[in-house]
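In what follows, a structure is listed as structure tokens, so that the remarks can point back to it.
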Protein chains: 4
Amino acid sequence: MTGDTRRPHTGRRRNEAARRAILDVAVELLGRTDDAPVTIDTIAAAAGVGKQTIYRWWPSKGAVLLEAMAERAGHDIPVPDTGTLRGDLDEFLTATFRRAGMRLTATVLRHSMAEAQRDQHAREQMRAFVGARRDVLRGVLARARDRGEIAPDADLDLIVDQAYGVLWYRILTGHAPLGDADASRLARALSDQAAATLTP
Amino acid sequence: MTGDTRRPHTGRRRNEAARRAILDVAVELLGRTDDAPVTIDTIAAAAGVGKQTIYRWWPSKGAVLLEAMAERAGHDIPVPDTGTLRGDLDEFLTATFRRAGMRLTATVLRHSMAEAQRDQHAREQMRAFVGARRDVLRGVLARARDRGEIAPDADLDLIVDQAYGVLWYRILTGHAPLGDADASRLARALSDQAAATLTP
Amino acid sequence: MTGDTRRPHTGRRRNEAARRAILDVAVELLGRTDDAPVTIDTIAAAAGVGKQTIYRWWPSKGAVLLEAMAERAGHDIPVPDTGTLRGDLDEFLTATFRRAGMRLTATVLRHSMAEAQRDQHAREQMRAFVGARRDVLRGVLARARDRGEIAPDADLDLIVDQAYGVLWYRILTGHAPLGDADASRLARALSDQAAATLTP
Amino acid sequence: MTGDTRRPHTGRRRNEAARRAILDVAVELLGRTDDAPVTIDTIAAAAGVGKQTIYRWWPSKGAVLLEAMAERAGHDIPVPDTGTLRGDLDEFLTATFRRAGMRLTATVLRHSMAEAQRDQHAREQMRAFVGARRDVLRGVLARARDRGEIAPDADLDLIVDQAYGVLWYRILTGHAPLGDADASRLARALSDQAAATLTP
DNA sequence: TTTTAATCGAGACGGTACGTCCTGTCTTTCT
DNA sequence: AGAAAGACAGGACGTACCGTCTCGATTAAAA
């Protein structure tokens, strides 16, 4: 194969430090409890960056915010392997709820979801983020199915929705916190639900 | 004894027609699919009303939107009475999902929840709205408990959270529609949860 | 002629106290040095009067302001009679400059003239007020002409304009105060001017 | 030695075309006979400019209007040099009255003076404008003094005040136009005043 | 004495302008 | 070519004011 399509890319290369600063500042500003709205000018100023540098790499404000959110809220929830569905769910939901229950993360998630309702780019990124988290949880359930812990007619997507539904609903309305006990109780209820057969 | 709460109230009285027009227009504009954001100027113009008339009665744009939303989304979901928890839940969730699944209502709910994340007044009104809907569903569960259909240690709040959690989660992320089958399956799962004792 | 078009005018009569309060408050507010604009709401509130009571009797804000101004600034400048033009002018201009030089009056005049540039009613009332003051001064000059103190070809209108021109110019631009010495010097210059014949 | 006042000034530079458009539009709108008040929104729209671009460079509406006025009304009145005070005054006042008597200019002057009564910034700019015009006329008088045409005790400021006083007084009240004959007669009267000694 | 009509204080209303803020683009200079 | 600085067009925000329109209460002449 001779076709070397490598383009030399003349000119200055993207400044990775700026990218980091922008995303870090975005998370920090999004996480503020005071209702001061997060603006591009604020982000640029706090990151010591020109506005154009932001718009060169992201299509809109929402896109920046959502990428910042996804970075923070998506990673480092380990995929558990306790051997039982209930154990796996308990561990996973506890870790997930703990993370989402942190004040900073919760605020970031709240405002990101709000942004996703207005900004098309943010909407798509939220879709991708949510899809990725769902896939992880579905993976846990799929493993349990392979172990025979799950009824063949169980609606796994609904179970995933129940888990993340409780999480987002509480974060967005703030009517109750996300506690460890809630995670455990929910884990038990959902594993029971997954095991139940449809025939009454 | 007639309660003499007579207040003299000198001066012109609030124009009820204007109030209606404002809320109606707000819902109509909120429900538009095109992502043109709903503006106070737009509402005022479309309702044939001065901006000050809006700000005289509502503290912020979000407050208007939330009141309009609550009026539309809260009412006319009947409280069922089939005699069984599962039947009641099925009926209630089916009606609720159907309503929330309507394109107009869903759009209104989405943007209302987004607004509630930025606007303090909207936030409080969303809290009240969500609380009222939860109370209705809790009432259904409480009646079932009186009939002995519910385990004494069941966490009713968590059950309510799952029901509305699934609803909001799907509306906000749009990853799946709210179908009748979903409502029924969820009704069955939740009634089973409620009935289950902790000691398996 | 039998047509008695007298309409008896049943109903409540105009409240003279309210009229006085409105005009007094208008002068007081107009005379404030702080640049807070004088509004109808402010006048009404300070006079303890409803806005409609103002608009029932005056066609616009400017009309109220101008009437208030005219009341204050027009009266009680006595028409002098010293026997000579120079003496009359000195007395009249000194009294006029003293009155117009008072801080309160000056501020009222300034803002009235400004109002007269925007408000049609105010404009007409200013025209009438200015005309009346000019007539008084022209009267002084006419008397002097009857005494033979004035050249036949003197332009009395121009002399009047010079006198009031200096007054308004200084009030409006504030570049110099209106002092007694100015009045006297101007009186002398203008009486000389009136006496001079055109043929050099 | 070249003064090295080099300031790097990074960033986009002020758009001179926008500045011109704003001032031109301001004059044009100020000069309209219909009494529609001149609005910042109107100026911005007619100049094809965002409102912020106006407020970035001028502190208030009045400041824009006054700068536009000063540009139009101040320039191109030549300083005469006929050799005699009377000739100089005649030429200067005739040119000045002609310019101020133009319908457009008169309207602009009227509304500018009105604005200067309410707006602090406009007030200061009016002060500067008036001062500059006075200085020019004082220059004419000073030259005549050097030629020995003026009495040592003449009050030159009062003479200047009479000239501009008549101008503004007529423009603002509109009780008489500014004609060439008025200018000439005033020129003669004022030159006589300047020449007269106090002790006749 | 009752009726009728006009005025009053209070205050909501439609409309318009204000001056601020924010978005996403464009321009300039430097690296 | 990328970056910081910052001006730009556009447009929404929430406030202020104008002049009009109720509302219930008051006051005076007419019936």
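- Among the nucleotides F:dC18, F:dG14, E:dA12, the one closest to any side-chain atom of B:Arg56 is E:dA12.
- Residue D:Gln52 places a side-chain atom within donor-acceptor reach of the base of E:dC21, judged by atom type and a 3.5 Å distance cut-off alone.
- Here the side chain of D:Trp57 is nearest to one of F:dC8, F:dT15, F:dA12, namely F:dC8.
- Interatomic distance, A:Leu30 CG to A:Leu65 CG, rounded to the nearest 0.5 Å: 4.0 Å.
- Residue C:Asn15 contributes atom CG, which lies 13 Å from atom P of E:dA10 at whole-angstrom precision.
- Looking only at distances, a side-chain donor or acceptor of D:Ser112 sits under 3.5 Å from a matching main-chain atom of D:Val108.
- The distance between atom CZ of B:Arg118 and atom C1' of E:dC21, rounded to the nearest whole Å, is 15 Å.
- Here the nucleotide nearest the side chain of A:Ile40, chosen from E:dT23, E:dC13, F:dC18, is E:dT23.
- Take the nearest nucleotide of DNA chain F for B:Asp119 and for D:Gly11: the residue whose nucleotide is more 5' is D:Gly11.
- For A:Tyr55 and F:dC8, the OH to P distance is 18 Å, given to the nearest whole Å.
- Of the side-chain N and O atoms in D:Thr53, none sit less than 4.0 angstrom from OP1 or OP2 of F:dA7.
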Start with the C-alpha distance between D:Leu23 and D:Trp58, add both sets of side-chain angles, then the distance that settles side-chain contact (heavy atoms from CB on, under 4.5 Å), and finish with yes or no.
-> CA-CA 11 Å; D:Leu23 293 176; D:Trp58 289 276; 3.8 Å; yes
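- Atom CD1 in C:Ile54 sits about 10 Å away from atom P in F:dC18, given to the nearest Å.
- Scanning atom types as modelled, no donor and acceptor separated by under 3.5 angstrom connect the side chain of B:Lys61 and the base of F:dG14.
- The CD1 atom of A:Ile22 sits 11 Å away from the C1' atom of F:dA3 (whole-angstrom rounding).
- Residue D:Arg14 places none of its side-chain N or O atoms closer than 4.0 Å to OP1 or OP2 of E:dT28.
- For D:Arg72 and D:Thr105, the side-chain atoms include at least one donor-acceptor pair closer than 3.5 Å.
- The NE2 atom of D:His111 sits 7.0 Å away from the CZ atom of C:Arg118 when rounded to the nearest 0.5 Å.
- Between B:Arg12 and F:dG24, a side-chain N or O to OP1/OP2 separation shorter than 4.0 Å is absent.
- With hydrogens and angles ignored, no donor-acceptor pair closer than 3.5 Å exists between the side chain of D:Lys51 and the base of F:dG11.
- Checked by distance alone, B:Thr10 brings no side-chain donor or acceptor within 3.5 Å of a matching partner on the base of F:dG24.
- In this structure, CZ of A:Arg19 is placed 15 Å from P of F:dA4, rounded to the nearest angstrom.
- Looking at the side chain of A:Asp41, the nearest of the listed nucleotides E:dC13, E:dC22, F:dA4 is E:dC22.
- Protein atom CH2 of A:Trp58 is 10 Å distant from nucleotide atom P of F:dA3, rounded to whole Å.
- Using a 4.5 Å heavy-atom cutoff, the side chains of A:Glu16 and A:Arg19 are in contact.
- In this structure, the nucleotide among E:dT23, E:dA17, E:dG14 sitting nearest to the side chain of B:Ala18 is E:dG14.
- Nearest-nucleotide positions on DNA chain F place B:Pro37 closer to the 5' end than the other of B:Pro37 and C:Pro37.
- A:Glu115 has its CD atom 11 Å from the C1' atom of E:dT23, to the nearest Å.
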